[in-house]
Q: 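Please see the structure below; I have some questions.
Side chains are part of it too, since the values below use all heavy atoms of this structure and drop only hydrogens, waters and symmetry mates.
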Amino acid sequence: MPLTAVTSVIDGLKRLYVEKLKPLEVAYRFNDFANPLLTSSDFDAKPMVMLLGQYSTGKTTFIKHLLKTSYPGAHVGPEPTTDRFVVVMSGSDGRTIPGNTIAVQADMPFTGLTTFGGAFLSKFECSQMPHPLLEHITFVDTPGVLSGEKQRTQRSYDFTGVTSWFAAKCDLILLLFDPHKLDISDEFKRVISSLRGHDDKIRVVLNKADQVDTQQLMRVYGALMWSLGKVLNTPEVVRVYIGSFNDKPVNDSAVGPIGKDLFEREQDDLLCDLKDIPKKACDRRVNEFVKRARAAKIHAYIIGHLKKEMPAMMGKAKAQQRLIDNLEDEFAKVQREYHLPAGDFPDVEHFKQVLGGYSIDKFEKLKPKMVQAVDDMLAYDIPELLKNFRNPYE
């Protein structure tokens, strides 16, 4: 597999980002409203797979099952054992690196996590080990999402914000459930809502399915789809893999012959999905880059519009408050003026929250040349880049 071809597409994106997209993001503070500015290591990072689920649904065991071995710092148990975000990646020897250390390494794609502060970084670590699978994929193991009374004892950091940050970087997000934990707690609901915009990456895994018999499994599957339908809020049916992803043999006495055959086929489907990730990594990078460019362009239009609405001299504070209160109407005006799709606009509540900390008057006016540069990049430069360098995995 010629790696030069991979770097060619990635290098092209890096150059386009620095020359055309980054100036627009910096001018209108896009990084404070949406995602942090990209660094060189963000483009070079290996594809990532994030596992989310309530505690004891088998997230850590799932990674161990794929690696066929334990990784440094892995804890498995029926109680909430993983209390931190663990990134499992390739390294020359087996060791764990604390969060503060990993967040300042420029060659790692985790420098953006410093914005979540020391409280989060103390609950973040990197686990490195030499493994053929980790040379192609990095896994992100997350703390069990809390349910019931426990979720009231608030975490010391913005859990939903962190998952959202990882979701933007990941190539696949696996939501794990087990037959005895189908309720979707408030925290899990918030986490799933924060994944909006990344629906194409989400896969659902009904793990430990051999703990119930075939009739119960049918009921459990129905209940899971019903719960998810209310939270995911999409008309499409999400793909659910059913199986028992651990190293023990399938419990034949519970599932019977049909169950065993079903589990093996589902397991193969999920493994195929995972094997496809490195092949699609290049396309995914381009896809995320284009998505980001469109979001940054709309952000510039919004800020430019709000700046234009501000008075030149008196009553600036009042005008700012009026604009923030009627932000939804302002979004609609921008949408009509520039003929933009409504689905590409940011979340109004989040935008209001961030905008409250700024003085709109201090922002730059809309610079059509900058926006035109991004339009040209989307219309000509990226198609040209993809034409010159085909996908190296084909």
Side-chain angles (χ1 to χ4, degrees), residues 21-38 103 111-121 151-152 154-169 186-187 189-198 233 291-338 340-367 370-371 374:
L21 185 54
K22 195 175 179 179
L24 184 82
E25 291 187 0
V26 172
Y28 299 102
R29 306 279 177 86
F30 178 67
N31 53 316
D32 293 339
F33 286 82
N35 305 322
L37 296 172
L38 297 178
T111 46
L113 287 168
T114 47
T115 53
F116 295 103
F120 164 69
L121 293 176
Q151 64 186 343
R152 291 192 196 160
Q154 285 292 313
R155 300 181 193 264
S156 55
Y157 58 90
D158 178 9
F159 181 75
T160 314
V162 175
T163 25
S164 180
W165 186 92
F166 273 111
K169 304 264 182 226
D186 295 349
E187 186 174 55
K189 203 172 189 170
R190 283 198 301 274
V191 167
I192 295 174
S193 303
S194 76
L195 304 178
R196 203 150 282 151
H198 306 292
N233 236 342
K291 206 195 283 184
R292 185 185 178 101
R294 289 173 59 157
K297 197 176 84 170
I298 285 181
H299 176 78
Y301 279 138
I302 293 169
I303 297 290
H305 170 77
L306 294 174
K307 166 83 175 173
K308 197 172 71 184
E309 295 291 305
M310 289 294 281
M313 301 287 287
M314 308 289 285
K316 289 184 178 179
K318 230 179 223 176
Q320 169 146 347
Q321 196 52 53
R322 193 191 73 246
L323 288 171
I324 291 177
D325 291 343
N326 302 323
L327 199 57
E328 214 159 326
D329 300 339
E330 300 304 325
F331 276 15
K333 283 181 196 169
V334 176
Q335 190 194 333
R336 282 196 300 274
E337 189 180 342
Y338 298 104
L340 301 167
D344 285 355
F345 276 74
D347 177 54
V348 178
E349 289 309 313
H350 175 68
F351 204 90
K352 265 185 196 175
Q353 219 176 334
V354 183
L355 193 61
Y358 283 97
S359 167
I360 297 177
D361 200 47
K362 298 276 193 294
F363 281 115
E364 302 262 354
K365 282 182 181 167
L366 185 67
K367 296 180 177 170
M370 272 189 176
V371 178
V374 173

Q: Hey, could you give me the NZ/CG distance between Lys22 and Leu38, rounded to the nearest 0.5 Å?
A: 8.5 Å
Q: So do Tyr301 and Gln335 actually touch side chain to side chain, heavy atoms under 4.5 Å?
A: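 Side chain of Gln335 against side chain of Tyr301, heavy atoms only: no contact under 4.5 Å found.
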Q: Taking the side chain as everything from C-beta on, heavy atoms only, tell me whether Arg292 gets closer than 4.5 Å to Glu25.
A: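 Yes, their side chains come closer than 4.5 Å.
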Q: Give the ring-plane orientation class for Phe33 versus Phe363, where under 30° counts as parallel, over 60° as perpendicular and anything between as tilted.
A: tilted
Q: Can you name the closest pair of heavy atoms from Met310 and Ala319 and give their distance?
A: SD-CB, 4.1 Å
Q: Using 0.5 Å steps for rounding, measure from the CG atom of Leu366 to the CD1 atom of Ile302.
A: 11.5 Å
Q: How far does CG of Asn326 sit from CD of Gln321, to the nearest 0.5 angstrom?
A: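 Rounded to the nearest 0.5 Å, the CG-CD separation comes out at 10.0 Å.
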Q: How long is the span from the CZ atom in Phe345 to the CD atom in Glu328, to the nearest 0.5 Å?
A: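 Those atoms lie 11.5 Å apart.
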Q: Do you know which two heavy atoms are closest between Met370 and Pro23, and how far apart they sit?
A: CE-O, 3.7 Å
Q: Please name the pair of heavy atoms, one in Phe351 and one in Pro346, separated by the smallest distance, quoted to 0.1 Å.
A: CD1-CG, 3.7 Å
Q: Starting at CZ of Arg322, measure out to CD of Glu309 and round the result to the nearest 0.5 Å.
A: 7.0 Å
Q: Using modelled atom types only, decide if a donor and an acceptor are shared between the side chain of Ser164 and the backbone of Thr160 within a distance under 3.5 Å.
A: no
Q: Should Leu327 and Ile324 count as side-chain neighbours, where that means a heavy-atom distance under 4.5 Å?
A: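 Contact flag for Leu327/Ile324 side chains = no.
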Q: Does Tyr28 reach the main-chain N or O of Lys365 with its side chain, forming a donor-acceptor pair under 3.5 Å?
A: yes
Q: Given side chains that start at C-beta, do those of Arg294 and Pro341 come closer than 4.5 Å, heavy atoms only?
A: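 Of all side-chain heavy-atom pairs linking Pro341 with Arg294, at least one is under 4.5 Å.
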Q: Taking all atoms of both residues into account, what is the closest heavy-atom pair of Asp344 and Ile298, and its distance?
A: CB-CD1, 3.2 Å
Q: Looking at every non-hydrogen atom in both residues, tell me the closest pair between Glu364 and Ala27 and how far apart they are.
A: CG-O, 3.6 Å
Q: Please state whether the rings of Phe116 and Phe120 are parallel, tilted or perpendicular, taking 30° and 60° as the class boundaries.
A: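 The rings of Phe116 and Phe120 stand perpendicular, inter-plane angle above 60°.
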Q: Please determine if Glu330 and Lys308 form a salt bridge, counting it only when a charged side-chain N lies under 4.0 Å from a carboxylate O.
A: no
Q: If you take all heavy atoms of Leu306 and Leu323, which pair is closest and at what distance?
A: O-CD1, 3.7 Å
Q: Roughly how far, to the nearest 0.5 Å, is the CG atom of Asp32 from the CG atom of Leu355?
A: 11.5 Å
Q: Can you tell me which residue pairs pass the side chain to side chain donor-acceptor pair (under 3.5 Å) test with a partner in residues 345-355, sequence neighbours excluded?
A: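 As it turns out, there is no side chain to side chain donor-acceptor pair (under 3.5 Å) pair with a partner in residues 345-355 once direct neighbours are skipped.
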